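Working notes for the structure below.
Residue numbers begin at 1 in each chain, while the letters A, B, ... track the order of the sequences. Just so it is clear, the structure is predicted and the values come from calculations on it, not from any experiment. Because only heavy atoms are used, hydrogens play no part in the values below, and waters and symmetry mates are left out as well, while side chains stay in.
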Amino acid sequence: MSDIVEKTLTALPGLFLPNPPGGGSAAAKASFSSRLGGLIRGITALTSKHEEEKLIQQELSSLKATVSAPATTLKMMKECMVRLIYCEMLGYDASFGYIHAIKLAQQGNLFEKRVGYLAVSLFLHENHELLLLLVNTVVKDLQSTNLVEVCMALTIVSQIFPREMIPAVLPLIEDKLQHSKEIIRRKAVLALYKFHLIAPNQVQHIHIKFRKALCDRDVGVMAASLHIYLRMIKENSSGYKDLTGSFVAILKQVVGGKLPIDFNYHSVPAPWLQIQLLRILRLLGKDDQRTSELMYDVLDESLRRAELNHNVTYAILFECVHTVYSIYPKLELLEKAAKCIGKFVLSPKINLKYLGLKALTYVIQQDPSLALQHQMTIIECLDHPDPIVKRETLELLYRITNAQNITVIVHKMLEYLHQSKEEYIIINLVGKIAELAEKYAPDNAWFIQTMNAVFSVGGDVIHPDIPNNFLRLLAEGFDDEIEDQQLRLYAVQSYLTLLDVENVFYPQKFIQVMSWVLGEYSCLLDKEMPEEVITKLYKLLMNNSISSETKAWLISAVTKLIPQAHSSNMVEKLIQEFTVSLDTCMRQHAFELKHLQENMELMKSLLPVDKSCEDMVIDSSLSFLDGFVAEGLSQGAAPYKPHHQRQEEKFSQDKVLNFEPYGLSFSSSGFTGRQSPAGISLGSDISGNSAETGLKETNSLKLEGIKKLWGKEGYLPKKENKLGDEIEAQAIPQENVIMENVDQTITKKDKSQSLTQSKEEKEKQLLASSLFVGLGSESTISLLGKADNISQFRKKSKVKEIKSGEASAHSMTGSSFSSLSNESYEDYYLDTLQDRGDKELIKKISFNSELLDSQSLTELPVVEKLSSCSLSAPSLFADSNMEIFQPSQSTAASVASEISLVSSLSEDPTEHLRSDLKEVCNNETISVSFYKIWKDDCLLMVSSVCNKSSSELKSINLEIVSAENFKITEQLGSCLPVMEAESTKSFQHSVQMEKPCTEGILSGFVKYQIVDNHSFQLEFSVTLSLLDFIRPLKISTEDFGKLWLSFANDVKQNIKVSDSRAALPSALKTLQQNLRLHVVDIIGNEGLLACQLLPSIPCLLHFRVHADVLALWFRSSCSALPDYLLYQCQKVIEGS
Amino acid sequence: MIQAVLVFNNHGKPRLVRFYQRFPEEIQQQIVRETFHLVLKRDDNICNFLEGGSLIGGSDYKLIYRHYATLYFVFCVDSSESELGILDLIQVFVETLDKCFENVCELDLIFHMDKGGLSAAPARAVSAVKNINLPEIPRNINIGDLNIKVPNLSQFV
């Protein structure tokens, strides 16, 4: 095959060169090349860019004329294309030629086609619309009998091909996998690899064929298939464990030199192939002892065979070492690998040294003593002239940082940071320093100074988490209150000194941090008066270089300080200054300040000293405005309409004149008339909504500073993690002991060594001992190895931890919920809802819902979930509103499943609605059929297995696999020991939909044994639709209204109907029949329907007929459900 | 996976630019420019790897380069490639180009005759590279007995 490529190589330049080796006898060729040559020569002769432009424009216009002239032959076209490519390459627009390139690829002979394809691949990109025109050509060429044409088509497919047209060529390319020529097979595999990259779903079904390619007798084809495997295994390593043997066998052959000599590179057999295989093995063997055991031998062999005579063997060695350390460890191999790392680290070649450091960073987590072995090299690398090596060293140090060496390491990092100018490096390193400082800071002063350095060097490019975490740490503090105060005090003092320095510009983020700290904690100062702080802040405020966002931070700091200040001259000046500011945000602040200042008492209560972490009770629904709203409504004010509703009405108004009163349409006709107490709560809820949207809008303004000050954290209960701290506290002393020991041994060693060494050496030794302190002893391994897992020294967990007592209380509430029956708890939460004043209860429920929600998940997500809710206060409130109804989900699921378990045991399945029997799979012995029973609380799938044979079957086992969106909640009689001849047995599975989706496929299999112990397996799949899980939700109109308001997710759609008067009743009827929806009420031209997705996700529907438009409006607690239901409704209504 | 192949001379003039991922023209030029500045700063005796940073695709990407006479060959690859492997791939690539152009010895002539000839190199090289599925070349070409040493490349200029 290599000769084919060689031929290609030699032929290609011939296409473009002025005088091909043959002598250039062909006249056309000569003219073509001279034209291109002439063009190039012409361009190089020019002196200015302007002249070049002129020449190219000339050239382009003549080309344009030529390509569009009908008399142009394909040969000329080919020549034109080459010149066009050249012009395009120089950066001029040659788009008029694109279509001709496609034409040339379509029509030309081999040479012309090739140029056409080349031009297409250079001109167009993957999403270019003209590419669609190429598909037909590709299909034609794929079917060609000429090998070269097939090759070209496959090549272009693997370069650019429109994703949506893959199905058109896929079968053809699949055929090519069986082609007799290996180059075709190889190119087909590569084309499929491309498809896998851009549309993995499309090639899923050919995985079997990839396996065949892997076993291809040609090495090239096999090597090509490795690309696909590497990728697929990266995505899902567990699915390909069975191939480990094959990969090992291949690697063994490669290493053993069984490949054709063609594949040798500097007498190393197929190095790139080896690298690829080692990477695949690494992925497969990770955390898997059994798989790893398979590869120990071959890895050993690889390590042995890699004689270090060439660069590329080092590449293999590096991969090998990496693999050895990634898979399940084997001591013998680890030792050998460690030796290899030594070769890298100690190599005089800088590339190898770099890789050695890199390898060390990989392995340091498993074997910190290795770092000790190479400590001197690492120290040398720290002062290496190459910044890349230096950075890699710092990365390594970052991994081995502990409480003892933190100061030295951070010092080194900061040193590097001061020299570096690249933004990417700064962001990266600053993040690391901040993380380390939070974890291991030895004392307050050091911590604050380090963070100051981080903020001032990092500037405004640092990750926003860093200042946030820092402030959180300051505010929340840790256990020791005195210590906390000292830390804060130190911070305040250091900032004040920093601000005293004249003519220094600090980054915006740093000023923001300073202003927050000063605003919160200036009160800790004894001597400094708040006035002085205000003066300093004022000076900053007047500075032009400060952004308006930072100014917002500053002014809110000033606001916080005012209640403590005695005189207010400065403040008045400030208010005067900013009430006329052009910046609306600043003006708003100034006015707020002005009004607050008039009422000192209010201000003091509003801005308590040092209470940033205290809990604040927030009435998210703004119920205190109820009276105001009710008054407004009674005076004829229009009720509030959310934005989307207004827009929709505007939209419908545009079409037809609307003579009806507007409003929350059913509320005007349905509820306000009844004067229920819900009327007010309805109003309040509406205003609550408006407040939320308002909040969101202000968020989009640059008000981040303010939002923060008013207590992102402030809204949340204080986060304490006493338990964790205790553990930390215990852990630290132990560490200390160990580390001291190591420290001593190291220093002893150092002493003995240092006798003979120069002073410089001594310095290095000293540095080494300070850097590597705490390494190398077994017990610290875990500490160092899993730096991320260890409890952090200072940093409080950002998570809102629930105290265990509280948690159990909640779970008790949860269980009491679950003990209530389906309907009664529905009532229960409606009651609680009605009592809107009782915020706490609602909060509790919503919190509870979080808890219940997360119970099924693992612990980590719980923590994340909670933290996510504690992090963003506004979203918390938005959430709590909609999640109030969620306790039902998980509890109801358990209740429902329990009930159904009992019921399905006892009751006859025939009394419910059921579908027809459908056969899903069969063979000569058995057949499996299914029918669905739509029970009230679940979907029951009854499968009947029929033994058609005349013999007895044994150990029949029917299993349905839980799929992505479905869950099998129970199985009844999934296993039968014996089944008589020609009998039928049935199995039952009850299925729940876990996540709404329109349709899903459940697959399963039935296993059985025939008398002579041959076991068979038959697979089948059943399609379930959303409708199988939809049940009517029987609620009253009033409940509907309340539920309606509580749901946050809504979807709207207008459908045209022919007859408006009859439309509503008929539509409702069809929906009731086809979708099993419950018609709650029909009021005038509005209809209310309700349904639930099992187990209990409610969804409410509101229909309104208006002229010839049927407006559908869905609301649910689940975000995805309305969309899917809408789709079903549309289908039903439009179908009827 | 290889994301881009850049060849430029000591003055940063691009000689061959091939992106395997689509970027708008300006971004491409910016990438070439920045890469050039990154590479230019580095001595010949320090390592051949660079972390791409914000350049092409974030921290996952690295630049691996070699400097031959007046030309820089820079490969931008993601983490699924071996550094040393790519370094040798560059070597192979250069050897291949060399072989390619030497078989047609007129090429050297053009390159020597007028400097402008070099500006045509990308078109040729791109076509050469494109038609043999770059990552696959070295694996299938026997270059064991090739004795062309890289310094020959100085003829290019």
For chain B, the option from [options] that forms the most heavy-atom pairs under 4.5 Å:
{"options": "Leu352(A), Ile275(A), Ile388(A), Asn127(A)", "answer": "Ile388(A)"}
{"options": "Arg391(A), Glu126(A), Glu392(A)", "answer": "Arg391(A)"}
{"options": "Ile350(A), Asp386(A), Leu197(A)", "answer": "Asp386(A)"}

Sub-3.5 Å donor-acceptor pair from the side chain of Glu319(A) to the main-chain atoms of Ser82(B), do we have one? no

What part of Lys358(A) gets within 4.5 angstrom of chain B, counting heavy atoms only: side chain, backbone, both, or neither?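 Interface part for Lys358(A): side chain.
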
Check each atom of Lys234(A) against the heavy atoms of chain B and say whether the ones under 4.5 Å are side chain, backbone, both or neither. side chain

List the steps, then state whether ring-ring contact (aromatic ring centres under 6.0 Å, His included) holds for Tyr65(B) with Phe75(B). CA-CA 6 Å; Tyr65(B) 74 95; Phe75(B) 277 46; over 10 Å; no

For Arg66(B), side chain to side chain donor-acceptor pair (under 3.5 Å) partners two or more places apart: Tyr68(B), Gln91(B)

What orientation do Phe344(A) and Phe318(A) show, parallel under 30°, tilted 30 to 60°, or perpendicular over 60°? perpendicular

Show the numbers, then the answer: is there a side-chain hydrogen bond (donor to acceptor under 3.5 Å, both in side chains) between Asn10(B) and His67(B)? CA-CA 9 Å; Asn10(B) 287 351; His67(B) 189 194; 2.9 Å; yes

